[in-house]
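Keep in mind it's a predicted model, so treat the numbers as computed, not measured.
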Amino acid sequence: MPMYQPSSRGREGFEVSGGGQVLDLETAVKDGILGGGGGVVHSCATGEKFDLKKMIEELDSIEIPSVFICPISLEPMQDPVTLCTGQTYERSNILKWFSLGHFTCPTTMQELWDDSITPNSTLYQLIYSWFTQKYLAMKKRSEDVQGRALELLETLKKVKGQARVQALKELRQVVSAHDSAKKTVVDNGGVALLSSLLGPFTTHAVGSEAIGILVNLDFSSDAKTNLRQPAKVSLMVDILNEGSIDTKINCTKLIETLIDGEDFESEIVSSLSLLVGVLRLVKDKRHPNGVLAGLRLLKMICSHESVRNSVVSIGAVPQLVELLPTLNPECLELALYVLEALCTLPEGGLALKNCPSAIPAIVKLLMKVSESCTHFALSILWAVCKLAPEECAALAVDAGLAAKLLLVIQSGCNPVLKQRSAELLKLCSLNYTATLFISKCKLTRTIQ
């Protein structure tokens with residue numbers, strides 16, 4: 001909403017910048033100055049009385065003429081009243097101003113020679129008419145969109161080939177742009193219809209468009225179960241590996257939605273083709289949205305222990321480590337979660353140990369991004385240093401781990417993190433004399 005700009009308007013008019021002419025408010029709307037367009041729309045024209053408060057709430061995102069804004073709250077007025085100074089305010093706001101002991105005009109700070117307030121009925125009618133017009137236009141657009149969505153659903157039941165692709169494209173555009181269309185599609189069996197289009201003989205053109213619609217909709221548990229059928233998931237995986245970047249992101253988000261919860265079998269995400277496709281998306285630094293979507297799905301996949309071995313087997317550990325320096329905080333937290341989960345396996349810990357840049361990269365992240373990242377980094381370092389204390393602990397200390405651990409212990413971090421840091425510090429010190437270890441701590445701290 002616009003900031004209130006004080007003007008020299010009186011009770012029934014306002015000043016037009018440029019000409020200095022004071023116009024009647026209703027004339028201003030009729031002339032289009034306040035964006036009325038086709039003039040004032042009265043509620044009697046529609047035979048329906050609308051609630052002003054509701055209209056204001058539903059039209060919150062549109063630009064509102066400043067003449068409708070209360071100078072105190074900077075919100076549209078619902079019950080405008082005018083003071084003796086000619087300034088108009090929302091009734092509840094000006095009464096609150098008076099209750100605080102103020103007997104001045106908030107805008108001009110003039111002392112009031114008359115403390116009465118006068119309902120500004122002309123401005124109220126103008127506000128009501130303006131919002132009614134905008135509200136009716138919004139409702140008509142919404143009804144038009146819903147009607148078009150229903151038409152497209154009916155079309156999809158009848159057409160095939162390129163005509164089906166075109167209908168899906170238009171429905172995807174409508175659903176992406178309008179929340180009311182999403183609800184219409186869901187309420188009229190659209191999810192089941194779109195799901196029926198996905199199968200072993202579905203072309204990628206049809207599948208990509210159907211998935212692009214489905215990813216915008218809310219599913220029931222039955223709809224999720226239907227979409228988890230092997231043939232449908234297999235098509236999603238194929239499209240994930242071969243589609244455009246937008247299609248890959250849509251497939252990733254849809255699969256994430258389908259496996260969110262405990263009522264699915266992990267076989268759905270154990271496909272090596274799926275894991276390879278997701279990892280390929282994560283590695284494509286040109287598309288940050290794809291990296292985020294891929295890491296979110298990878299995190300959900302790795303929450304299932306039975307799949308972690310497969311993730312390690314496709315080389316996820318070194319590839320994620322290589323990405324760490326390039327990730328934003330949100331993606332970094334997801335990547336560290338995945339690495340921590342993979343380190344619970346001996347194969348995952350070994351893969352991390354055999355990655356030369358892993359320990360230095362993870363040490364750098366301690367106390368750098370967030371407490372969650374520090375937690376994940378400590379768990380990863382603990383796992384790998386436990387696996388090969390002599391080799392990995394020495395490498396970690398040389399990378400500055402001892403000084404970082406002391407920093408965690410002395411900070412206001414979670415007590416669990418402090419305890420883990422103390423244990424890791426003790427593990428790292430076992431291969432050094434006390435004097436040498438202290439010197440290492442001091443040296444690395446000085447360097448940092």
Side-chain angles (χ1 to χ4, degrees), residues 295 299 302 308 311-312 315-448:
L295 284 171
K299 175 186 175 180
C302 288
R308 292 175 190 172
V311 178
V312 173
V317 171
Q319 293 181 59
L320 287 174
V321 168
E322 184 184 344
L323 280 173
L324 290 179
T326 68
L327 298 176
N328 63 40
E330 184 179 7
C331 290
L332 192 56
E333 196 165 308
L334 293 168
L336 289 173
Y337 175 97
V338 172
L339 287 172
E340 183 200 32
L342 299 181
C343 278
T344 60
L345 300 175
E347 298 84 354
L350 191 61
L352 224 127
K353 170 185 168 293
N354 293 333
C355 181
S357 60
I359 290 176
I362 294 169
V363 167
K364 281 183 181 178
L365 297 176
L366 287 170
M367 298 295 288
K368 271 289 180 71
V369 183
S370 67
E371 192 165 300
S372 293
C373 285
T374 295
H375 166 79
F376 294 136
L378 279 173
S379 296
I380 294 165
L381 291 167
W382 174 261
V384 75
C385 288
K386 244 338 234 256
L387 186 67
E390 292 186 10
E391 180 184 349
C392 295
L395 180 59
V397 170
D398 287 342
L401 176 61
K404 285 289 186 81
L405 293 177
L406 289 173
L407 188 60
V408 175
I409 292 168
Q410 294 166 9
S411 72
C413 279
N414 187 308
V416 175
L417 294 185
K418 293 185 177 185
Q419 180 63 30
R420 176 51 60 89
S421 297
E423 292 169 357
L424 188 52
L425 192 64
K426 183 177 179 181
L427 178 66
C428 291
S429 68
L430 294 178
N431 296 307
Y432 296 91
T433 64
T435 305
L436 182 57
F437 188 68
I438 290 171
S439 68
K440 285 274 186 183
C441 292
K442 289 180 177 178
L443 178 62
T444 52
R445 211 165 186 181
T446 302
I447 293 172
Q448 289 172 21

Distance check, rounded to the nearest 0.5 Å: [X] atom [atom1] versus [Y] atom [atom2]?
| X | Y | atom1 | atom2 | result |
| --- | --- | --- | --- | --- |
| Glu371 | Leu417 | CD | CG | 5.0 Å |
| Ser370 | Leu332 | OG | CG | 7.5 Å |
| Thr374 | Arg420 | OG1 | CZ | 13.5 Å |

Nearest non-hydrogen partners of [X] and [Y], listed with the distance:
| X | Y | result |
| --- | --- | --- |
| Val338 | Cys302 | CG1-SG, 3.7 Å |
| Val363 | Ala396 | CG2-O, 4.3 Å |
| Val408 | Ser421 | CG1-OG, 3.1 Å |
| Leu424 | Cys385 | CD1-CB, 4.2 Å |
| Ala335 | Leu327 | CB-CD1, 3.7 Å |
| Lys404 | Lys364 | NZ-O, 3.2 Å |

- In plain terms, say whether Lys426 and Glu423 are close enough for a salt bridge, that is, a side-chain N and a carboxylate O under 4.0 Å apart.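 No, this pair does not count.
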
- Task: Kindly indicate, with the supporting measurements, whether the criterion side-chain contact (heavy atoms from CB on, under 4.5 Å) is fulfilled by Leu366 and Leu401.
- Result: CA-CA 9 Å; Leu366 287 170; Leu401 176 61; 3.5 Å; yes

- Please collect all ring pair (Phe, Tyr, Trp, His ring centres under 6.0 Å) contacts where either partner lies in residues 341-378, sequence neighbours excluded, each pair once.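 Sorted result for residues 341-378: Tyr337-Phe376.
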
- All pairs passing ring pair (Phe, Tyr, Trp, His ring centres under 6.0 Å) where residues 344-368 contributes a residue, at least two apart: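 Residue pairs passing ring pair (Phe, Tyr, Trp, His ring centres under 6.0 Å), neighbours aside: none found.
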
- Neighbour count >12 (heavy atoms, 6.0 Å) for atom CD, Gln319: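 Buried by this count: over 12 neighbours within 6.0 Å.
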
- Item | Other residues, nucleotides, ligands: >12 heavy atoms within 6.0 Å of Lys418 NZ |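 Counting neighbours around NZ of Lys418, more than 12 heavy atoms of other residues, nucleotides or ligands fall under 6.0 Å, so yes.
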
- Below 4.5 Å, heavy atoms only, C-beta onward: do Leu405 and Leu378 meet side chain to side chain?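 With C-beta onward as the side chain, the pair touches.
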
- Could you walk me through whether Leu387 and Cys392 pass side-chain contact (heavy atoms from CB on, under 4.5 Å), step by step? CA-CA 8 Å; Leu387 186 67; Cys392 295; 6.0 Å; no

- Apply side-chain contact (heavy atoms from CB on, under 4.5 Å) to Ile362 and Val384, showing your working. CA-CA 11 Å; Ile362 294 169; Val384 75; over 6 Å; no

- Qualifying residues under side chain to side chain contact (heavy atoms under 4.5 Å, CB included), relative to Cys343, sequence neighbours excluded: Leu352, Ile380, Ala383

